[in-house]
Asks: 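Please read through the structure below; I'll follow up with questions.
Quick caveat, the model's predicted, so the values are computed rather than measured. Letters go in sequence order (proteins before strands), and every chain restarts at 1.
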Amino acid sequence: MYKAPRGTSDILPQEQGYWSYITQKAIDIACLYGYQRLDTPTFENAGLFVRSIGEETDIVEKEMYSFQDRSKDRLTLRPEGTAPVCRAYIEHGMHSLPQPVRLYYFADIFRYERPQAGRYRQHHQFGVEALGDSDPALDAEVIDMAWQLYANLGLHNLSLYLNSIGCHSCRPGYLESLTANYSKRQDSLCPDCRRRLRLNPLRLLDCKKPSCIPLTEKAPKSIDYLCQECADNLESLQELLKLLNLPYLIEHRLVRGLDYYTRTVFEIAPEGELVAQATIGAGGRYDNLIEQLGGKPTPAVGFATGIERIVLNLKKQKVAVPAISPPFVFLAYLGPKAKYEAIKLSALLRKSGFSVTLTYGDRSLKAQLKQANTAGIRHALIIGEDEVNNRTIVLRNMDKGEQETIQLDKAVEKLRQAIGGSTRH
RNA sequence: GUGGGCGUAGCCUAGCGGUUAAGGCGCCAGGUUGUGGCCCUGGAGAUCGAGGGUUCAAAUCCCUCCGCUCACCCCA
């Protein structure tokens, strides 16, 4: 038996209510802030991700789904959403549009990881990118969008963590100080941290081992090493967040796993859970990325959120999402002549805008009504030999258990009346 | 890649050495010659994750593998 590949899953009909709810809210937010949709391919040239995410990162080193196609091109299923957007920005000359260019996307994301709660090999993200402006007001706008999205979704008790990891001019000084600080205590470091010290010192701050936490707390903070410009930026961002009434926490241990981030980085997670796996959305500024990918120097800021993690939290917080409506009417028939009429009528009903379903296996009326009932369909049309001969049909209200015989050619009209309080048909 | 937990019909669970593997939900049919929800009756559906071993006898004990799951690394 075939099964869905490890770390992937089917999104079943009973789950779709969450997905359409989230998708719709996300589109609403994007429109509200004037962002336009951009869809990029599911796979890109491998080099795009290697160059943008960074060679030394886990994603590039061991998590990419890469393959060679028949023309020997090295391709990769996208492991994140920002680099493709930047590629499209450059490729389509979007620098000649009024700046900033505001874009949003929904994308499948692929990473070869060991699956666990809230982590999959294929997952889905909604993301926004605002390209072509370095003003911290744009950072604030993106953070605000994220925050409002969660609020509109009905999620509560979330925390916004904020940090600045500086720019190319001030970060080296900070890294030096951080490395020096940790080198002195090398003996008391966990094995992972010793590796981080060599490969990716920023990540030292991420360690959750009880033995390392005191070190992370005493470690130098990036915000103390910011150059004037970065410091000013962070300062005005904070002012703007206050202006927008967004509660935030400066978290100096917050660093992001991708190399392209500069200055602002942020994460939104359930209160008190600053662990990577709990994060439902994250983002930051990436002022050097577009230039690095061959475009003109273009500052930019973005944010992405995992749909699966939103679903997880909606369930955890018991947020009720609107159910997906069943068809408006169930068409039941008895006998071959009636079947013929029923199929003809179903076409007419659909043409008139009524969602209608029927079962074709010539089953008993009992079975057909049972099916309508199970599906939550509130109106049934019943046609048998007698009705065909009289050009009539029975309209049954499934909630009330009442029914009436009507003229067959009045079915559409009668159903229109039956809509009553229903919002959808 | 490392470690823990778990694999019995579509789903949930019982059985933990001894005949045809049991129950609930769901599905199908009948009770009602053309009427759903409640009830009653019946039916279909399981090579007990796979392979090997121990034994007169294995779903049950042992080994290996596979899968799921949780955690670590790291990420949404």
Side-chain angles (χ1 to χ4, degrees), chain A residues 1-9 12 14 22 53-54 56-64 78-82 106-127 146 190-193 195-196 199-200 203 206-209 255-258 266-269 275-283 302-313 330 332-335 338 359 361-388 393-403 405:
Chain A
M1 274 295 270
Y2 287 112
K3 290 180 173 175
R6 177 159 223 201
T8 68
S9 54
L12 299 171
Q14 61 265 31
I22 295 165
I53 297 168
E56 312 278 275
T57 58
D58 274 24
I59 291 180
V60 169
E61 276 181 352
K62 51 184 201 192
E63 296 182 356
M64 294 209 308
R78 75 179 146 225
E80 65 105 24
T82 299
F106 292 94
D108 307 32
I109 304 290
F110 303 86
R111 288 180 206 156
Y112 184 87
E113 313 183 77
R114 281 291 282 270
Q116 66 185 75
R119 183 208 289 163
Y120 313 96
R121 289 187 174 176
Q122 178 185 18
H123 76 276
H124 301 76
Q125 291 186 1
F126 164 71
C190 71
D192 285 329
C193 280
R195 200 166 48 89
R196 293 186 180 109
L199 295 174
N200 200 336
R203 215 71 66 66
D206 251 349
C207 193
K208 289 121 205 154
K209 293 231 163 51
V255 295
R256 313 259 38 247
L258 311 165
F266 67 94
E267 282 190 11
I268 296 174
V275 288
Q277 206 184 309
T279 301
I280 62 179
F303 150 83
T305 184
I307 313 281
E308 283 83 352
R309 288 193 184 170
I310 294 177
V311 173
L312 216 62
N313 281 280
F330 189 97
Y333 65 83
L334 287 152
T359 181
D362 302 342
R363 307 210 281 151
S364 68
L365 182 57
K366 176 178 172 156
Q368 294 182 72
L369 289 180
K370 187 172 178 169
Q371 188 163 329
N373 186 58
T374 306
I377 299 172
R378 293 158 61 184
H379 302 276
L381 283 168
I382 303 163
I383 188 164
E385 297 293 319
D386 294 349
E387 286 79 7
V388 173
I393 195 163
V394 172
L395 173 58
R396 182 176 178 81
N397 182 312
M398 298 293 284
D399 290 335
K400 295 183 184 153
E402 295 165 358
Q403 63 187 39
T405 303

Asks: What's A:Tyr120 touching, base or sugar-phosphate or nothing? Going by heavy atoms closer than 4.0 Å.
Replies: base
Asks: Return yes when atom OH of A:Tyr112 has more than 12 non-hydrogen atoms of other residues, nucleotides or ligands closer than 6.0 Å, and no otherwise.
Replies: no
Asks: Quote, to the nearest angstrom, the C1' distance that separates B:C73 from B:G3.
Replies: 12 Å
Asks: A:Gln368 side chain to A:Arg363 main-chain N or O, any donor-acceptor pair under 3.5 Å?
Replies: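 Confirmed, A:Gln368 side chain pairs with A:Arg363 backbone.
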Asks: Report the residue from A:Val388, A:Val394, A:Leu334 that forms a side-chain contact (heavy atoms from CB on, under 4.5 Å) with A:Ile383.
Replies: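 Testing each of A:Val388, A:Val394, A:Leu334 against A:Ile383, the sole residue satisfying side-chain contact (heavy atoms from CB on, under 4.5 Å) is A:Val388.
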Asks: Indicate, with a heavy-atom threshold strictly under 4.0 Å, whether A:Ile382 touches base, sugar-phosphate, or nothing.
Replies: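 Base, at least one base heavy atom under 4.0 Å.
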Asks: Taking NZ from A:Lys370 and P from B:U32, how many angstroms apart are they, rounded to a whole number?
Replies: 16 Å
Asks: Taking atom C1' in both B:U69 and B:G15, compute the distance separating them and give it to the nearest angstrom.
Replies: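 Here B:U69 and B:G15 have their C1' atoms 24 Å from each other.
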Asks: What heavy-atom pair brings A:Tyr333 and A:Gly361 nearest, and what distance separates the two atoms?
Replies: OH-N, 3.9 Å
Asks: CG of A:Asp386 versus C1' of B:U33: gap in Å, rounded?
Replies: 12 Å
Asks: Heavy atoms under 4.0 Å, any strand shown: does A:Gly127 hit a base, just sugar-phosphate, or nothing?
Replies: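 No contact at all - A:Gly127 keeps every heavy atom at 4.0 Å or more from the nucleic acid.
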Asks: Touch check for A:Ala367, heavy atoms < 4.0 angstrom, all strands: base, sugar-phosphate only, or nothing?
Replies: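 If one applies the 4.0 Å heavy-atom cut-off, A:Ala367 turns out to touch the sugar-phosphate alone, with no base involved.
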Asks: Starting at CG of A:Leu365 and ending at P of B:G36, how long is that distance when rounded to a whole Å?
Replies: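 From A:Leu365 CG to B:G36 P: 8 Å.
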Asks: Report yes or no: does A:Asn373 contribute a side-chain atom to a donor-acceptor pair with the main-chain N or O of A:Leu369 at less than 3.5 Å?
Replies: no
Asks: Answer yes or no: does a side-chain N or O of A:Arg114 lie under 4.0 Å from OP1 or OP2 of B:A71?
Replies: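 Indeed not, no polar side-chain atom of A:Arg114 lies that close.
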Asks: Would you mind reading off the distance between A:Leu381 atom CG and B:U35 atom P, rounded to a whole angstrom?
Replies: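 Value for this atom pair: 17 Å.
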Asks: Taking CG from A:Leu334 and P from B:G36, how many angstroms apart are they, rounded to a whole number?
Replies: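 One finds 12 Å between P of B:G36 and CG of A:Leu334, rounded.
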Asks: Return yes if the base of B:U35 and the side-chain atoms of A:Gln403 contain a donor-acceptor N/O pair under 3.5 Å, otherwise no.
Replies: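 Indeed, a donor on one side and an acceptor on the other fall under 3.5 Å apart.
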Asks: Given atom CZ of A:Arg309 and atom P of B:C74, what is their separation to the nearest angstrom?
Replies: 14 Å
Asks: Rounded to whole angstrom, note down the C1' distance from B:C68 over to B:G45.
Replies: 23 Å
Asks: Got a donor-acceptor pair under 3.5 Å from the side chain of A:Glu387 to the base of B:G34?
Replies: yes
Asks: Regarding A:Glu308 and A:Arg119, does a basic nitrogen lie under 4.0 Å from an acidic carboxylate oxygen?
Replies: no
Asks: Quote, to the nearest angstrom, the P distance that separates B:G23 from B:A58.
Replies: 24 Å
Asks: Could you give me the CA-CA distance, side-chain angles and deciding distance for A:Asn397 and A:Glu402, then say whether side chain to side chain donor-acceptor pair (under 3.5 Å) is met?
Replies: CA-CA 5 Å; A:Asn397 182 312; A:Glu402 295 165 358; over 6 Å; no
Asks: Within the 4.0 Å heavy-atom criterion, would you say A:Ala372 contacts the bases, only the backbone, or no part of the nucleic acid?
Replies: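 A:Ala372: no heavy atom of the nucleic acid under 4.0 Å.
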Asks: Do A:Arg119 side-chain and B:C74 base share a donor-acceptor contact under 3.5 Å?
Replies: yes
Asks: Can you check the distance between B:G7 and B:C16, where both ends of the measurement are the C1' atom (answer in whole Å)?
Replies: 15 Å
Asks: When all nucleic acid strands are considered with a 4.0 Å heavy-atom cut-off, which category describes A:Lys3: base, sugar-phosphate, or nothing?
Replies: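 Sugar-phosphate only.
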Asks: Remember a base hit wins even if backbone is also touched, and classify A:Arg396 as base, sugar-phosphate or nothing at under 4.0 Å, heavy atoms.
Replies: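 Here A:Arg396 touches the bases of the nucleic acid.
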Asks: Sticking with atom P, work out how far B:G37 lies from B:G31, rounded to a whole angstrom.
Replies: 14 Å
Asks: With P as the reference atom in both, quote the distance from B:A57 to B:G52 in angstrom, rounded to an integer.
Replies: 15 Å
Asks: With a 4.0 Å cut-off on heavy atoms, is A:Asp399 in touch with a base, just the backbone sugar-phosphate, or nothing at all?
Replies: base
Asks: Using whole Å, what does the distance between atom P of nucleotide B:C27 and atom CG of A:Asn373 come to?
Replies: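 Distance check: A:Asn373 CG to B:C27 P gives 10 Å.
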Asks: Using a 4.0 Å heavy-atom cut-off, does A:Arg363 contact any base of the nucleic acid, only the sugar-phosphate backbone, or nothing at all?
Replies: sugar-phosphate
Asks: Could you check A:Thr279 against A:Glu267 for side chain to side chain donor-acceptor pair (under 3.5 Å), going step by step and ending with a plain yes or no?
Replies: CA-CA 7 Å; A:Thr279 301; A:Glu267 282 190 11; 2.9 Å; yes
Asks: May I ask you to say what A:Arg203 touches in the nucleic acid, namely base, sugar-phosphate or nothing, with a heavy-atom cut-off under 4.0 Å?
Replies: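 The answer is sugar-phosphate, as A:Arg203 gets under 4.0 Å only of primed atoms, P, OP1 or OP2.
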Asks: Would you say B:A71 has OP1 or OP2 under 4.0 Å from some side-chain N or O of A:Gln116?
Replies: yes
Asks: Report yes if the side chains of A:Phe330 and A:Thr359 come closer than 4.5 Å at any heavy-atom pair, otherwise no.
Replies: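 When only atoms from C-beta onward are counted, A:Thr359 and A:Phe330 do touch, with a gap below 4.5 Å.
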Asks: Extract the stems that RNA chain B is part of, considering only consecutive pairing runs of at least three Watson-Crick or G-U wobble pairs, both distances under 3.5 Å.
Replies: B:1-7 with B:66-72, B:10-13 with B:22-25, B:27-31 with B:39-43, B:49-53 with B:61-65
Asks: Which part of the nucleic acid does A:Lys366 contact within heavy-atom distance under 4.0 Å: base, sugar-phosphate only, or nothing?
Replies: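 Base: the residue A:Lys366, judged by heavy atoms under 4.0 Å, touches a nucleobase.
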Asks: Would you mind classifying the nucleic acid contact of A:Gly118 as base, sugar-phosphate or nothing, using non-hydrogen atoms under 4.0 angstrom?
Replies: base
Asks: When the P atoms of B:A71 and B:C11 are compared, how many Å lie between them, rounded to an integer?
Replies: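 That atom pair is separated by 23 Å.
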Asks: Looking for any heavy atom pair under 4.0 Å, which part of the strands does A:Ile109 touch: base, sugar-phosphate only, or nothing?
Replies: nothing
Asks: Which heavy-atom pair separates A:Gln125 from A:Ala304 by the least distance, and what is that distance?
Replies: OE1-CB, 3.4 Å
Asks: Closest-nucleotide mapping onto RNA chain B: is A:Met398 or A:Thr305 further toward the 5' terminus? I mean the 5' end.
Replies: A:Met398
